[in-house]
Amino acid sequence: MFGTVPAGEEQQLAMGSSDPDSTLVAAARAGDHDAFAELVRRYQRLVYAVSYRLLRDQTLAEDVTQDAFVRAYLSLDRFRGTSFRAWVLRIAHNAALDQLRSLARHRHVPLEDVPERPEPSSSFGPVEHEGLTAALEAALAALPPDQRAVVLLADVEGLPYDEVAEVLAIPLGTVKSRLARARTRLRVLLEADPRTRELLELSGRLASGEPGSSDLATSTQE
Amino acid sequence: MTLEASHLTDEQLALLASEAPDSLAREHLESCEECRYRWQQYIALQRALRALPSPPLPRDFTFPPESVAVLRPVPWWWRHRFSIRVGTLLAATLLVMLLSSALAFPGSRESSAGKRVHEQASPSGVAALAPQPTLAEAGRGGPSAPAVQSLEETPAPEGLTPSTFAFARPAETPPVPTNEAESETVQLREGLERALFLAAVTLLSVVTVLGVVLGFLFPVVRHPQRGARR
């Protein structure tokens, strides 16, 4: 489990000076474990959140998160990427996919069918529970893993498209197409429940003020 | 993005929730209430996703370096050091044996080769040893070469000229191997043996040197468990 990082996860580009973590990464490479600990503290919430929402299981998410940081530590010498955040997220994402495949094999259910039966979670209830949060979490769990990963990274965590492409090792066009399909599917799922539809509309009005032409000038991707 | 004559597709509107619409899309959205409504739903969805609270962190994922020191991958030469050492000793033993035989018997190959050359260089000697087939057998192209050659060597009976023998020689008789051809063959063989010997010595030397470095020196100088970060 704690073997070397697969070759495909190694980045070959030189790290840019604009990376906010470049100083810490350089120090960690030189043997400064406190620097690496700081990197862990910076991104553990993000990595755990993505892992948890991919796996829908706290224990597995903890294992994947810890595994991702250990692998990153052991393979830091070979890291040549542009973003440490994207690199460690990629490790975590691949580990989570491995766990999902393992779960699918043990249940004799194809991986594509796994998210069609969302796992009951101790933290978030089914759609019947009140709250837009619960409805969104349930809708996210109903997405296929590839679409769910894109939505988690781009919409939930706010990563730019190019970084999402780097994490998932897919072209930018594929990121956009998967994101579009995922959002379409989420909207259909939420529209099916009148209560969640109202909540969604309410949250939209509260977030943007008056609906209409003002939205045309404000919607841009970070 | 292409703008259909009717409405924007769901996927186009979904992407526009986080991208600035182009002029065509903007113009349509300003005029089409239905598309604008769906587009605003996607904007609300995207914002609601962005506002989702993170799941609570169950624990701190930092770890002390000692806890993962045993997980650091060991170099391949460390994992296979026993096999490398055994292979090195075998290669060194073979190398010593090869060099010893070359030093102990420096002329053995040459003398045996020279003996073969000497034996083949005398057609009369060969003729004396070989059986004497009849002329009919010589005509059939069988083991006639020494016989024909011996006929050439023996003095012609009275009244017969050499041309008669030349006419009598069958056209399909294979050419008699000359001394030069045999010596060339022997020389080629000698050269090949010498080349093989040198190649073997070189290969065994390289294997021995590499094996000593990887099997004996590296484990002492670059011990994986002594904190050397790789």
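Side chains are part of it too, since the values below use all heavy atoms of this structure and drop only hydrogens, waters and symmetry mates. Protein chains get the first letters and strands the later ones, always in sequence-line order, with residue 1 at the start of each. Owing to the predicted nature of the structure, the values given are computational and were not obtained by experimental measurement.
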Query raised in the report: chain B heavy atoms under 4.5 Å from A:Glu191: which part of the residue, side chain, backbone, both or neither?
Result: side chain
Requested in this report: Go through the side-chain N and O atoms of B:Ser18 and A:Tyr161 and say whether any donor and acceptor fall under 3.5 Å apart.
Outcome: yes
Report task. Over all heavy atoms of both residues, which pair between A:Gly158 and B:Arg50 is shortest? Give the atoms and the distance, please. Result -> CA-NE, 3.6 Å
Report summary line: Per-residue tally against chain B (heavy atom, under 4.5 Å) across A:Glu157, A:Glu62, A:Arg45, A:Glu38 peaks at A:Glu62
**Report entry** Beyond-backbone contact of B:Leu49 with A:Leu140, side-chain heavy atoms, under 4.5 angstrom
**Finding:** yes
Query raised in the report: Is there a side-chain contact between B:Ser54 and A:Tyr48 (heavy atoms, below 4.5 Å)?
Result: no
Query - Per-residue contact mode, A:Val188 against chain B (heavy atom under 4.5 angstrom) - result: neither
Report summary line: What one should report as the nearest heavy-atom pair of A:Glu137 and B:Pro53 is OE2-O, 4.5 Å
Query raised in the report: Based on non-hydrogen pairs under 4.5 Å, which of A:Val156, A:Leu136, A:Val40, A:Leu152 is most in contact with chain B?
Result: A:Val156
Query raised in the report: For B:Phe63 and A:Phe36, what are the C-alpha separation, side-chain angles and deciding distance, and is it a side-chain contact (heavy atoms from CB on, under 4.5 Å)?
Result: CA-CA 10 Å; B:Phe63 50 87; A:Phe36 189 82; 3.7 Å; yes
Query raised in the report: What part of A:Leu190 lies closer than 4.5 angstrom to a heavy atom of chain B: side chain, backbone, both or neither?
Result: side chain
Requested in this report: Indicate yes or no: at least one non-hydrogen side-chain atom of A:Thr184 is less than 4.5 angstrom from one of B:Leu13.
Outcome: no
**Report entry** salt bridge (Lys or Arg N to Asp or Glu O under 4.0 Å) partner of B:Asp10, the single match among A:Arg183, A:Arg185, A:Arg181, A:Arg187
**Finding:** A:Arg187
Requested in this report: Output the distance between atom OG1 (B:Thr62) and atom CZ (A:Arg41), rounded to the nearest 0.5 Å.
Outcome: 5.5 Å
